[in-house]
Amino acid sequence: FARVVGYPERMSRKRLTLARPALAMALATLVPALATAADGPPNFTGTYTFVAQKSDNLPAKIAAAVGPDYTIGSKKSEQARVWIRSWLEGVTQDPAKASEADVLLVRSKTKVTKEYLEGAPSLKLIIRGGVGLDNIDVEAARGRGIEVKNTPRASSIAVAELTFALMMTVPNRIIEGHNGIKEGKFLKKELKRTELYGKTLGLLGAGLIGTEVARRALAFGMRVVAHDHYISNHALAELIEDDDEFYSVCDFISIHLPLTPETKGMIDARALAQMKPGVVIVNTARGKVVVEEDMTAALKSGKVRAYATD
């Protein structure tokens, strides 16, 4: 979070290992405090591990941030524990308190619209716990002098692993096999399986998550190509600039794009028509990148073998 908010000079020697996601979100509010506290931050030295511990006497204000069953403890410094606890007393999940908030932490469900911002006049910083910013009116926020940050590295490995799990499920017929067992059938000869080895994986978007997917695909012996207008080279993937050429060579396509006016509806009937018959498409990005009606038609016709999405 120090890197996200932009105070690496102050935070570089203060490594925090967080045991609970909710605690991580709460501690994120400490970063501006460390940089602006009138008497300066406490003298953190060494590495501190803040752990969640069972407690029956958790102060009500902190309970709203980290849940009713957890409190904060430190293995090395009582001073640090007390100082951090004092800051956490200002953390709340009560939406009625938005008008008093200096820092807002959200995931994807909360819609930070222009109207929402008008009801939060004290806001100075919005942190999106995740990658996409499509649930935040970034232009309206910055117009009010509010910084907007995300945590692009937070979920890269998890999303890449999910992507690969979905990619492996299709050629190995995992769903059909599972459903067969539930019906008392052991489907073996009936399910023709194929391999990822030797197939071509196309990455639509080759940023942090796409790169992690490429790393795993190469380990499986796949050829990896990528289509990304914002980069000129990639360490792991062969870049293909032309859309139609890219679609035509891919056995698997994995989508890793933000939802923007440029990418909304990008996978439409025209794009699908350029793809190989029987292509497998994995979308762990945003649903609206795909035109659902066109994808449904392509699945029914067999043009797309499978569409895997979360």
Pick out which of Val224, Leu218, Val213 makes a side chain to side chain contact (heavy atoms under 4.5 Å, CB included) with Leu236. Leu218
Between Leu272 and Leu204, is there a shared hydrophobic cluster once you connect ILVMFWY residues whose side-chain heavy atoms come closer than 4.5 Å? yes
Residues pairing under salt bridge (charged side-chain N to carboxylate O under 4.0 Å, His left out) where one sits in residues 209-237, two or more places apart or in two chains, turn out to be Glu212-Arg215, Glu212-Arg216, Arg223-Glu238
Could you state the interatomic distance from OG1 (Thr309) to CZ (Arg286), rounded to the nearest 0.5 Å? 10.5 Å
Enumerate the residue pairs fulfilling salt bridge (charged side-chain N to carboxylate O under 4.0 Å, His left out) with a member in residues 255-269, sequence neighbours excluded, ordered by first and then second residue. none
So, do Arg270 and Asp244 sit near enough that their side-chain heavy atoms are less than 4.5 Å apart? yes
Please tell me whether Tyr116 and Val148 are part of a single hydrophobic cluster in this structure, the criterion being side-chain heavy atoms less than 4.5 Å apart. yes
If I take atom CE from residue Met275 and atom CD1 from residue Ile253, how far apart are they, to the nearest 0.5 angstrom? 4.0 Å
Measure the spacing between OG1 of Thr263 and CD1 of Ile255 and express it to the nearest 0.5 Å. 10.0 Å
Please answer: with hydrophobic residues joined when any side-chain heavy atoms are less than 4.5 Å apart, are Met167 and Ile175 in the same cluster? no
Hey, quick one: are Met295 and Leu259 part of the same hydrophobic cluster, counting side-chain heavy atoms closer than 4.5 Å, chains of contacts allowed? yes
Nearest heavy-atom pair of Val225 and Cys250: which atoms, and what distance? CG2-SG, 3.9 Å
Separation of Asp242 CG from Ser248 OG (nearest 0.5 Å): 8.0 Å
Rounded distance [0.5 Å steps], OG1 in Thr284 versus CD1 in Ile209: 6.5 Å
Can you give me the closest heavy-atom contact between Ala206 and Ile231, atom names plus distance? CB-CD1, 3.8 Å
Of all the heavy-atom pairs spanning Tyr197 and Gly221, show the shortest one and how long it is. CD1-CA, 3.9 Å
Got a list of side-chain donor-acceptor pairs under 3.5 Å for residues 117-128, not counting sequence neighbours?
residue : atom : partner : partner atom : Å
Lys124  : NZ   : Asp102  : OD1          : 2.8
Lys124  : NZ   : Ser122  : O            : 3.4
Arg128  : NE   : Gly132  : O            : 2.9

When you look at NZ of Lys114, are more than 12 heavy atoms from neighbouring residues, nucleotides or ligands closer to it than 6.0 Å? no
Approximate separation, where rounding is to 0.5 Å, of Leu162 CG and Ile157 CD1: 13.0 Å
Applying salt bridge (Lys or Arg N to Asp or Glu O under 4.0 Å) to Lys276 and not counting sequence neighbours gives Asp251
Are Phe252 and Val289 linked, directly or through other ILVMFWY residues, by side chains that come within less than 4.5 angstrom of each other? no
If every non-hydrogen atom of Leu257 is compared with every non-hydrogen atom of Ala285, which pair is closest and at what distance? O-CB, 3.3 Å
Determine, step by step, whether Val290 and Tyr307 satisfy the side chain to side chain contact (heavy atoms under 4.5 Å, CB included) criterion, reporting the C-alpha distance in whole Å, the side-chain angles of both residues, the deciding distance to 0.1 Å, and the verdict. CA-CA 10 Å; Val290 174; Tyr307 176 54; 3.5 Å; yes
Remaining members of the apolar cluster that contains Phe186, side-chain heavy atoms under 4.5 Å: Ile181
Going by side chain to side chain donor-acceptor pair (under 3.5 Å), name the residues that satisfy it together with Asp294, two or more places apart in sequence or in a different chain. none
Without swapping roles, check the side chain of His227 against the backbone of Glu241 for a donor-acceptor pair under 3.5 Å. yes
Apply the side chain to side chain contact (heavy atoms under 4.5 Å, CB included) test between Arg305 and each candidate in Val280, Ile281, Leu299, Val279; give the one that qualifies. Val280
Quick one: closest heavy-atom pair of Ala308 and Leu166, and the distance? CB-CB, 3.9 Å
Minimal heavy-atom distance between Pro171 and Leu196, with the atoms involved, is CG-CD2, 4.0 Å
